[in-house]
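To start, the structure under review is shown below, and the notes come after it.
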Protein chains: 2
Amino acid sequence: MAHDHVMPTDLTRNQELVLGTLNHAPAPLSAYDILDLLRSEGLRAPLQVYRALDKLVERGLAHRLESLNAFVACADEHCHRKGLIAFAICEGCGKVDEFADAVIEERLGKWAGATGFKVERTTMEIRGKCAECLKAA
Amino acid sequence: MAHDHVMPTDLTRNQELVLGTLNHAPAPLSAYDILDLLRSEGLRAPLQVYRALDKLVERGLAHRLESLNAFVACADEHCHRKGLIAFAICEGCGKVDEFADAVIEERLGKWAGATGFKVERTTMEIRGKCAECLKAA
DNA sequence: ATCAATACGTTATAGCATAACACTGCTGCA
DNA sequence: TGCAGCAGTGTTATGCTATAACGTATTGAT
């Protein structure tokens with residue numbers, strides 16, 4: 001099911017180009033990686049990419065990986081995911097696996113309730129080696 | 001109990017200066033913030049700070065907050081914490097609360113077992129507003 | 001005393017992100 | 001019709017974060 005992404009129709013040209021690039025990438029891309037891939041399409045400045053990324057992230061079509069300063073397309077075809085998403089980043093091949101866990105989210109909610117902290121968003125990034133890379137080693 | 005930190009005796013001068021700075025800060029500091037605070041002590045280059053930070057983080061005396069590109073002193077006096085630590089970062093006052101949750105860690109372990117992913121380290125950062133800032137609003 | 005390992009200091013550079021400004025094209029509404 | 005407002009665009013310049021590459025100094029074990 002790889003690359004089986006839905007591309008919304010109401011994106012601007014730049015947003016579409018950036019999301020398309022992320023959809024076809026096997027691993028996270030930095031904004032500058034994206035820019036380099038899109039120079040042939042006429043993009044010239046980092047801001048063009050960052051602005052598109054901002055919108056895509058805002059809409060949940062892409063995610064920012066804080067520990068990499070890089071971005072991935074959302075893996076969920078319908079991109080309706082709310083709440084906590086965890087990312088498992090393989091340091092061998094660079095691939096990212098995205099998953100949600102209700103138990104973790106609930107646990108976090110309990111902690112928040114107990115301390116009076118109001119959670120606005122959470123990033124959870126797991127670094128390690130994926131099964132495939134472990135086998136290969 | 002604020003600022004009730006233990007300072008190991010086997011740190012180098014730069015490491016001690018950097019850790020001291022983090023210990024006295026009310027909120028996370030970037031490497032360049034630290035550098036500016038330590039110019040009076042003779043530090044001149046980012047690398048002096050980054051090298052000290054590397055060692056401190058390696059020893060668990062400080063933590064890096066990926067979503068801020070900033071650093072905090074470890075809140076645990078004995079700094080023996082292993083495994084997953086979650087950070088709750090208040091966007092009002094900037095304060096960071098550090099906590100560990102065995103259930104989340106176990107849950108993560110289960111996911112790893114099921115997928116064959118080998119976890120090396122995990123960062124979990126929660127953005128929101130602390131109880132105090134909510135009251136003040 | 002020698003060697004290896006670690007830390008240090010410095011300059012230069014790479015990589016990530018945003019400020020500020022001018023302009024375009026669209027929507028809606030007086 | 002015309003204008004106000006908004007979102008998106010393009011461009012230049014700049015700021016913040018992090019590391020490469022070099023040489024020197026200090027430490028500690030044998």
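Residue numbers start from 1 in every chain, and the chains themselves are labelled A, B, ... in the order their sequence lines are given, proteins ahead of strands.
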Protein-nucleotide distance ([X], atom [atom1]; [N], atom [atom2]), rounded to Å:
| X | N | atom1 | atom2 | value |
| --- | --- | --- | --- | --- |
| A/Leu56 | D/dG8 | CG | P | 11 Å |
| A/Glu66 | C/dC16 | CD | C1' | 12 Å |
| A/Leu53 | C/dA17 | CG | P | 9 Å |
| B/Leu47 | D/dT24 | CG | P | 18 Å |
| A/Leu35 | C/dA17 | CG | C1' | 13 Å |
| A/Leu11 | D/dG8 | CG | P | 10 Å |
| B/Asp54 | C/dC8 | CG | C1' | 14 Å |
| A/Asp36 | C/dC16 | CG | C1' | 13 Å |

Hey, is CD on B/Glu132 packed in by over 12 heavy atoms from elsewhere, all under 6.0 Å? no
Where the side chain of [X] is concerned, which of [options] is the nearest nucleotide?
| X | options | answer |
| --- | --- | --- |
| B/Phe71 | D/dA18, D/dT17, C/dT10 | D/dA18 |
| A/Arg64 | C/dC16, D/dA18, D/dA21 | C/dC16 |
| B/Ser30 | C/dG9, D/dT17, C/dA7 | D/dT17 |
| A/Arg51 | D/dT19, D/dT11, C/dT11 | D/dT11 |

What is the distance from atom CG of B/Leu29 to atom CG of B/Leu35, rounded to the nearest 0.5 Å? 11.5 Å
Determine the interplanar angle of the B/Phe117 and B/Trp111 rings, folded into 0 to 90°, and report it as parallel if under 30°, tilted if 30 to 60°, perpendicular if over 60°. tilted
Single-linkage hydrophobic cluster B/Val57~B/Leu22, side-chain heavy atoms < 4.5 angstrom: yes
Backbone of B/Leu38 reached by a side-chain donor or acceptor of B/Glu41 within 3.5 Å: no
Just by distance, do the side chain of B/Glu125 and the backbone of B/Ser67 share a donor-acceptor pair under 3.5 Å? yes
Where each residue is assigned the nucleotide of DNA chain D containing its nearest heavy atom, which of B/Tyr32 and A/Thr12 is assigned the position nearer the 5′ end? A/Thr12
So, B/Asp101 and A/Lys110, do they make that salt bridge, N to O below 4.0 Å? no
In B/S/- notation (B base, S sugar-phosphate only, - none; protein heavy atoms under 4.0 Å), nucleotides 23-28 of chain C written 5' to 3' is ------
Looking at [X], does any N or O in its side chain come under 4.0 Å of the phosphate oxygens OP1/OP2 on [N]?
| X | N | result |
| --- | --- | --- |
| B/Arg13 | C/dC8 | no |
| B/Asn14 | C/dA7 | no |
| A/Arg44 | D/dT11 | yes |
| B/Asn69 | D/dA18 | yes |
| B/Gln48 | C/dG9 | yes |

Could you check B/Ala52 against A/Leu68 and say which one's nearest nucleotide on DNA chain C is further toward the 5' end? B/Ala52
Sugar-phosphate only, base, or nothing, as touched by B/Ala31 at under 4.0 Å among non-hydrogen atoms: nothing
Does the side chain of A/Glu66 pick up a donor-acceptor pair with the side chain of A/Thr123 at under 3.5 Å? no
